Structure formats: C-alpha cells, structure tokens
Amino acid sequence: MKVAVFSARAFDRVFLEKCNSSYKHELVFFEERLTEQNVSLAAGFDAVCVFVNDQLNRKVLIELSKNKTRLIALRAAGFNNVDLVTADELGLTVVRVPEYSPYAVAEHTVALIMSLNRKLCRAHSRVREGNFSLEGLMGFELHDCKVGIVGTGRIGRVIAKILNGFGCVLMASDPSPDSECESFGVKYVSFDELCSKSDIITLHCPLIPQTRHLINAEVIRLMKTGVMLINTSRGALVDAKAVIKELKSGKIGYLGMDVYEEEADLFFEDLSNQIIQDDILARLLTFPNVIITGHQAFFTQNALKNITETTLANITNFEEGRKGVNEITAKTVMK
Ligand code: NAD
C-alpha cells in the first residue's frame with residue numbers, strides 16, 4: 001500500500017525501512033506531524049501512519065477521507081489523538097499497536113521513581129563539579145513503601161511485578177481488577193483511598209473523557225503531604241496548574257513526568273536554541289524535585305522493533321482484507 005508516514009524521525013525510518021523489506025509497502029516519510037495545516041500532504045495515499053502527537057481530529061479525518069485515505073495506522077498503543085467517532089462515521093479504519101513492550105514503559109517509570117527518590121540528577125551534576133556534599137540528597141527506601149497504581153493493564157501489571165520485587169506495599173485502582181496482580185498481593189481499592197494512602201502514585205490508565213484531569217486540585221487535597229506523583233501515561237490525566245500550586249506548597253514532594261498535556265508542539269523537537277513559550281512547562285522545569293522526560297518511556301530497541309513489525313503487519317492485514325486485527329473503533333472503546 002502507499003503509506004504516508006508522519007512524525008518520521010531518523011530512527012523510525014531505519015526501523016521501518018529495514019522491516020519493510022519483507023512487507024514491500026510504498027512508504028513516504030514526512031518529518032512533520034500531521035495537522036489541519038498540512039493534511040494535503042496525505043493526498044493520494046491509501047494509508048497514513050502516525051504517532052502520538054499527530055492530529056487526527058474531525059477536520060483532518062474529513063480531509064483524509066476526501067483524499068481517499070482508508071487506513072490510519074497508529075505506531076502507538078494510545079489513541080486519544082484520534083476522533084474515533086468521526087473515523088467510524090467516515091468508514092476510516094484505525095489500527096494500533098496495543099502491546100509492543102510494556103517493559104519499556106514500566107522500566108522507565110521505575111527509573112523516574114528511583115531518580116527522584118535518590119536525587120540522581122542533582123547528585124550527578126554536583127559530583128561533576130567536584131561537590132561531594134550529601135546535603136539535600138537523602139532518599140527513602142522503597143521497601144515497605146505504599147505505592148498506588150492507577151490502571152493495572154499491560155504496563156501497570158509489569159510495574160506491580162517490579163515494585164513487588166522491591167518489597168513495596170501495592171494498591172491499585174482499576175474498573176477491571178487483574179487476578180495476576182491480586183495473586184501477589186496487590187490490593188484493589190477506590191481511587192480516593194489509593195490517593196489518600198499512597199506514598200507514590202503512578203498513572204497507567206488511558207486518557208479518555210472520564211480520566212481527563214483525573215489528578216486535579218480536589219484529588220491532590222486527599223493525598224499525603226510529600227507524595228510522589230508519576231505520569232508516564234498521557235499528559236492530560238494531570239492538571240499541571242494544580243500540580244504546580246501543590247509543588248510550591250510542598251504537598252506534592254516529587255513529580256516525575258514523561259508526558260505533558262501540551263507536549264505536541266514541544267516534544268520530539270530540538271528546541272535548545274529557542275525560548276520555551278509554554279510558561280507551565282517552564283515553571284515545572286524550575287523545581288529541584290521534578291524530573292521531566294520528553295515522551296521517551298517507550299523508546300527501547302525492543303519496543304521500536306515490535307512497533308514497526310506490528311504496524312506493517314496491520315497495514316498488510318488491512319490490504320488483504322483481514323479486518324479487526326488490532327482495530328480500534330468508537331464502539332470497542334465504549335465497551
Ligand atoms: P491497557 O489498556 O493495557 O491498560 C489500561 C488499564 O487502565 C486497563 O486495565 C483499564 O481497565 C484501566 N483503566 C481504565 N480507566 C481507568 C480509570 N478511570 N482508573 C483506573 N484504571 C483505569 O494500557 P497499557 O498498555 O497498560 O497503557 C497504559 C497507558 O500508557 C496508555 O493508555 C498510553 O496512554 C500510555 N503509554 C505511554 C507510553 C509512553 O511512552 N510514555 C507508551 C505506551 C503507552
């Protein structure tokens with residue numbers, strides 16, 4: 001199939017071109033993300049292959065449909081950037097990579113927890129400058145620490161296993177509790193109870209209308225003073241303004257985030273020669289107890305290989321009429 005690949009970085013090209021030698025699709029790479037302004041680039045392509053910050057709102061989907069695109073192949077698990085209701089209405093098929101490596105995201109999540117707790121970034125900068133003082137670097141032990149996992153799907157389950165190894169006391173909230181997690185002692189509680197009892201809260205639920213700003217001023221009020229909040233799921237799960245207020249007050253003791261609600265115009269770009277115009281992100285970057293990474297939790301060799309392989313197989317399945325495999329529709333999400 002003729003496929004327009006958007007948000008294509010050098011590493012995407014390397015992995016896709018290598019893997020495509022056995023699929024033989026006609027891939028055309030565009031470095032820019034797909035938006036309302038450049039959707040005409042996709043004219044004449046049967047499929048668009050997109051990533052997390054490509055814009056697939058109603059306007060873009062209508063244009064794609066007019067231009068005879070029939071397939072949207074996501075190189076990601078999350079699909080919050082696609083207006084699925086409009087896609088269904090227009091008869092556009094949307095496929096994704098539901099599981100490529102839950103270990104990649106889970107391990108990065110634990111890296112954020114450990115780096116914040118043991119203040120590794122500050123320690124590293126200090127030692128490089130010849131400052132070997134331990135002042136301000138004291139951490140706490142994860143053993144016996146109460147950790148609340150919001151969403152124990154593929155990624156949350158792996159985190160539960162890793163943190164179980166650390167000897168943490170694990171709580172979770174999820175409308176569909178996982179029996180494997182329960183088997184090694186994860187206790188399912190309400191979201192409010194999880195917030196009020198956890199020393200560390202880590203988010204692994206999808207971004208859907210019901211979970212937008214799940215972490216807001218009201219919920220933060222329930223939390224323990226000094227709580228550690230980790231978000232490697234989707235930025236809009238967290239009301240960043242409310243978090244800034246409580247970082248300033250000390251209610252939130254640590255923040256680790258790999259995703260940010262307004263990341264689309266920032267992440268994946270080298271903006272080091274520019275002035276960051278986003279005042280919320282700029283303020284977050286000033287706190288010594290905040291670590292931000294630019295949506296890299298997925299970024300391992302294993303994950304990229306799996307994403308590439310599944311994406312190209314998804315396109316071939318569609319081309320050869322095998323519908324349903326890794327397909328996502330508004331109806332399947334409502335279930
Ligand atoms: P998954 O679908 O396997 O699991 C999500 C879990 O969340 C499910 O068990 C579901 O029941 C639960 N859930 C739904 N609504 C909830 C709510 N209101 N409260 C608590 N739990 C709720 O998804 P996954 O593969 O584990 O991925 C989780 C999220 O991680 C994805 O939605 C995606 O946004 C994000 N993600 C981020 C990266 C990254 O690089 N940072 C990479 C991959 C995925």
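A quick note: this is a predicted structure, and the numbers were derived from the prediction, not measured. In listed order, ligands and their atoms are each counted from 1.
With a 4.0 Å heavy-atom cut-off, ligand 1 is reached by the backbone of Ile155 and by its side chain too. Only the side chain of Val105 comes within contact range of ligand 1, with a heavy atom under 4.0 Å; no backbone atom does. With a heavy-atom cut-off of 4.0 Å, His204 touches ligand 1 through its backbone alone. Heavy atoms of His295 found under 4.0 angstrom from ligand 1 belong exclusively to the side chain.
Looking at ligand 1, you won't find any N or O of Thr211 less than 3.5 Å from one of its N or O atoms. Checked against a 3.5 angstrom limit, the closest N/O atoms of Asp258 and ligand 1 fall inside it. Taking any N or O of Phe298, backbone or side chain, at least one lies under 3.5 Å from an N or O belonging to ligand 1.
Ligand-side atoms of ligand 1 in range of Gly151: 7 (O), 20 (C), 21 (N), range being under 4.0 angstrom from any heavy atom. In the vicinity of Gly153, heavy-atom distances shorter than 4.0 Å reach the ligand 1 atoms 3 (O), 4 (O), 6 (C), 9 (O), 26 (O). Near Ser173, meaning under 4.0 Å from any of its heavy atoms, are these atoms of ligand 1: 20 (C), 21 (N).
Residue, atom and distance of the protein heavy atom nearest to atom 31 (C) of ligand 1 are Ser233 OG, 4.0 Å. Closest to atom 37 (C) of ligand 1 among all protein heavy atoms lies Thr232 O, 3.2 Å. Looking only at protein heavy atoms, the nearest one to atom 36 (N) of ligand 1 is Arg234 NH1, 3.7 Å. Scanning the protein for heavy atoms near atom 14 (C) of ligand 1, the closest one is Pro206 CD, 3.5 Å. Atom 1 (P) of ligand 1 has its closest protein heavy atom at Arg154 NH1, 3.7 Å. With hydrogens left out, the protein atom closest to atom 11 (O) of ligand 1 is Asp174 OD1, 2.7 Å, a heavy atom.
The aromatic rings of Tyr100 and Phe298 sit perpendicular, their planes meeting at an angle over 60°, well past the 30° parallel limit. By the 30° and 60° cut-offs, the orientation of the rings of Phe140 relative to Tyr254 is perpendicular.
At a threshold of 4.0 Å, the pair Asp46-Lys2 does not count as salt-bridged, since none of the basic side-chain nitrogens sits closer than that to a carboxylate oxygen. Ion pairing of Arg322 with Glu327 is absent here, as no side-chain N (NZ or NE/NH1/NH2) approaches a carboxylate O to less than 4.0 Å.
With hydrogens and angles left out, the side-chain atoms of Tyr188 and Asp178 include no donor and acceptor closer than 3.5 Å.
If you look at His143 and Phe166, their ring centroids are not closer than 6.0 Å.
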For Lys251 and Lys245, what are the C-alpha separation, side-chain angles and deciding distance, and is it a side-chain contact (heavy atoms from CB on, under 4.5 Å)?
CA-CA 9 Å; Lys251 176 88 178 172; Lys245 190 161 173 262; over 6 Å; no
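Connectivity analysis of hydrophobic side chains (ILVMFWY, heavy atoms under 4.5 Å, direct or indirect) links Val5 to Met1, Val3, Leu16, Tyr23, Leu27, Phe29, Leu71, Val95, Leu312, Ile315, Phe318.
At least one heavy atom of Pro175 sits under 4.0 Å from some atom of ligand 1. Heavy-atom distances between Tyr100 and ligand 1 reach below 4.0 Å in at least one pair.
With rounding to the nearest 0.5 angstrom, the CD atom of Gln301 is 11.5 Å from the CG atom of Asn306.
The backbone N or O of Asp258 lies less than 3.5 Å from no partner atom in the side chain of Thr232, so there is not a single donor-acceptor pair.
Relative to the ring axis of Phe287, Arg283 places its NZ or CZ within 45° and under 6.0 Å from the centre.
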